[in-house]
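To keep things clear, I will list the structure first and then write my remarks on it.
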There are 2 protein chains.
Amino acid sequence: MDRIKSMQAFSAVVSEGSFAAAAEKLNTSSQLVSKYVAQLEDYLGVRLLNRTTRKINLTEVGQQYAANVKQLLEQIAEIEHRVGAMHTETSGQLRISAPVSFAISHLSGMISDFQTDYPQVTVDLQLNDRKVDILHEGFDIALRIGHLKNSSLIGKFIAPVHLKFYAAPSYLKEFGTPQHPKELAEHRRLIYSYSENDGSEIMGYWFKNLDTQSKLPMVSNNGDVLVQAAVAGHGIALQPTFIAQQACNEGKLVSILNEHAPPSMGLYAVYAHRKLLPRKIRAFLDFSEGYFGNPPVWDS
Amino acid sequence: MDRIKSMQAFSAVVSEGSFAAAAEKLNTSSQLVSKYVAQLEDYLGVRLLNRTTRKINLTEVGQQYAANVKQLLEQIAEIEHRVGAMHTETSGQLRISAPVSFAISHLSGMISDFQTDYPQVTVDLQLNDRKVDILHEGFDIALRIGHLKNSSLIGKFIAPVHLKFYAAPSYLKEFGTPQHPKELAEHRRLIYSYSENDGSEIMGYWFKNLDTQSKLPMVSNNGDVLVQAAVAGHGIALQPTFIAQQACNEGKLVSILNEHAPPSMGLYAVYAHRKLLPRKIRAFLDFSEGYFGNPPVWDS
DNA sequence: TTTAATTATCAACAAATCGTTGTTAATGGT
DNA sequence: ACCATTAACAACGATTTGTTGATAATTAAA
């Protein structure tokens, strides 16, 4: 038995004054209305209406109940309306986790463009290079750079991310320019903390013999810092183009070993579920689609 | 879909923190709870919970909705509790319609006895010799004297009511004592307005030739008045024993034609419906059962 | 008074839904 | 790496729902 339907039926009978009129109002048959009210009475164990074939009279209990039910139904409608509005209005807070360097260099512009399109959405942008647990930490979307792993999360591809080896001309002048990745093991490498050895040949060379302290002048969890170190001539950095390309264009860095670049990665928007996605999230995903162009702005 | 059940399921999941715990609380299976919540989400078109196999997280909408639903469910419980209480507590107002003379002479005592047994019931006793429309005029019970007619109403027999012909000794001395009903047409008759010719032989004699003005000194809708008129020697009255018997016992009246008394009638409690009878009504009906004894107090 | 129309209820049946069972995939703790 | 727990999914039988037709009761009209 659907108690809410029963209540609606009862309420309609009370306000319309007859079963037939109530049925019309609710677009159903009088028989069904009669059944509903009878069910409600059975459930409550109370007679709500004294009815002859011609007239309807509320019992004492029925009067009280009718008043309460009317209020209740209005409340339910109000609540559901609010929920519906929240869902369709494309509003609310959108919590995004993003990698630090990418966010600083390219995301801030995108977010502000997004907000001019959707002023009702408040963005809470948390910069963090960790792999956050978006469910547990309450994020709607996490932007991640890398390859997508199997998980219950969905990842939407936003833009390709290419890694290149960079070094300052001064460094190359002093230590020579490696012609093949296997020479990397002999160079001073600027390592990004969260980078992973994905098992590819090129990454094997990159991480080779890192225990030799002299070859490892710097480790950081921030790419910009590493790029600056490279610019200062402290070593070779393996960094995404969106971080280092500008310095390269300015002549402060040179990209090397371009024929042996690691497999290209992607910028992904990772989110939690597949159906009944809140509008604000849908909107952000759609907005991000193609925003950076292909090839992306930082590569052209 | 039973929205209330769904709400309860959702609310339980929120408060218990897991589907399994919620299922236990509601004495059902976790599968069912899962189904309910999914249905609710489909109905609302909104994701309420972000769930992994291990943790539950409310969405933004879900938080709001959960708070509202919790309140709502409490309200529903409160309302239904009140309704239940009204039904089981044997309380409330009991509106009774009763014949004037009978109420004055015998009902007042019964009502006060009833109220000592059921102090929570407020009695609203309306005296009226009309046949009230109990539904339309909002009565719970109508006490009626007479024969029960076919109707959708139920009548419960409370006590037998006998009619007798009464006259004052002085009247009989002056006009003679009728030995057979057919002689009534020659006597001065004190007529009760609401009395009906039920088609019986004896009532035929009683109503015969009433157009002769001299034979009709008085018509009243009140039996006591007619009895007093009879005591004063103004004529013959056909009245129930419960009104006239006392005057008879005191010698002020004599009952005549006892072998030809009209068919005995009854005092009935008439009420509206058969199932889900409010407690207060049930209580009154049970209380009235046998209250006046058999033969009733006014006849013994 | 009789007839017709309206109204609520009852009965029965087909269709839809519900709640169960068994299974799978994912996750966190040991 | 394994195991226990958890949520989701699929499928099936049982129950409930909503429909249709019929019945009884009451009022208005003829």
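Here is the naming used below: chain letters follow the sequence lines, and residue numbers restart at 1 for every chain. Just so it is clear, the structure is predicted and the values come from calculations on it, not from any experiment.
Comparing dA7(D), dT20(C), dT19(D) by their closest approach to the side chain of Lys35(B) singles out dT20(C). The Ala20(A) side chain lies nearest to dT7(C) when the options are dT7(C), dG18(D), dA7(D). The side chain of Lys5(A) approaches dG18(D) more closely than any other nucleotide in the set dC18(C), dG18(D), dT19(D). Candidate nucleotides dT6(D), dT9(C), dT19(D) were compared by shortest atom distance to the side chain of Thr28(A), and dT19(D) ranks first. When distances run from any side-chain atom of Met1(A) to the nucleotides dT20(D), dA8(C), dT17(D), the shortest one goes to dT17(D). In this structure, the nucleotide among dG19(C), dA8(C), dG22(C) sitting nearest to the side chain of Gln31(B) is dG22(C).
Ion pairing between a basic and an acidic side chain is recognised when a charged N comes within 4.0 Å of a carboxylate O; Arg130(A) and Glu137(A) show such pairing.
Summarising the geometry, the separation between CG on Asp42(B) and P on dC9(D) is reported as 10 Å, rounded to the nearest angstrom. For the pair Glu24(A) CD and dT6(C) P, the interatomic distance rounds to 13 Å; values are reported in whole Å. The distance from atom CG of Leu32(A) to atom C1' of dT16(D) is 12 Å, rounded to the nearest whole Å. Counting to the nearest Å, the C1' atom of dT17(D) and the CD atom of Gln8(A) are 16 Å from each other. The CG atom of Asp2(A) sits 12 Å away from the C1' atom of dT16(D) (whole-angstrom rounding). For the pair Asn50(B) CG and dT6(D) P, the computed distance is 19 Å after rounding to whole Å. To the nearest angstrom, P of dA8(D) lies 13 Å from CG of Leu40(B). Summarising the geometry, the separation between CG on Asn57(B) and P on dA7(D) is reported as 12 Å, rounded to the nearest angstrom.
Below 30°, between 30° and 60°, or above 60°: for Tyr65(A) and Phe10(A) the angle between ring planes is between 30° and 60°, a tilted geometry.
At least one side-chain nitrogen or oxygen of Gln39(B) sits closer than 4.0 Å to the OP1 or OP2 atom of dC18(C). For dA8(D), one of the phosphate oxygens OP1 or OP2 lies less than 4.0 angstrom from a side-chain nitrogen or oxygen of Ser34(B).
Residue order along DNA chain C, read from the 5' end via each residue's closest nucleotide, puts Tyr36(B) first among Asp133(A) and Tyr36(B).
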Problem set entry | Residues Phe139(A), Tyr271(A); criterion ring-ring contact (aromatic ring centres under 6.0 Å, His included); working and verdict | CA-CA 8 Å; Phe139(A) 286 105; Tyr271(A) 54 102; over 10 Å; no

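Checking Tyr36(A) against Gln8(A) by side-chain atom types alone, no donor-acceptor pair falls below 3.5 Å.
No donor-acceptor pair closer than 3.5 Å links the side chain of Ser6(B) to the backbone N or O of Val37(B).
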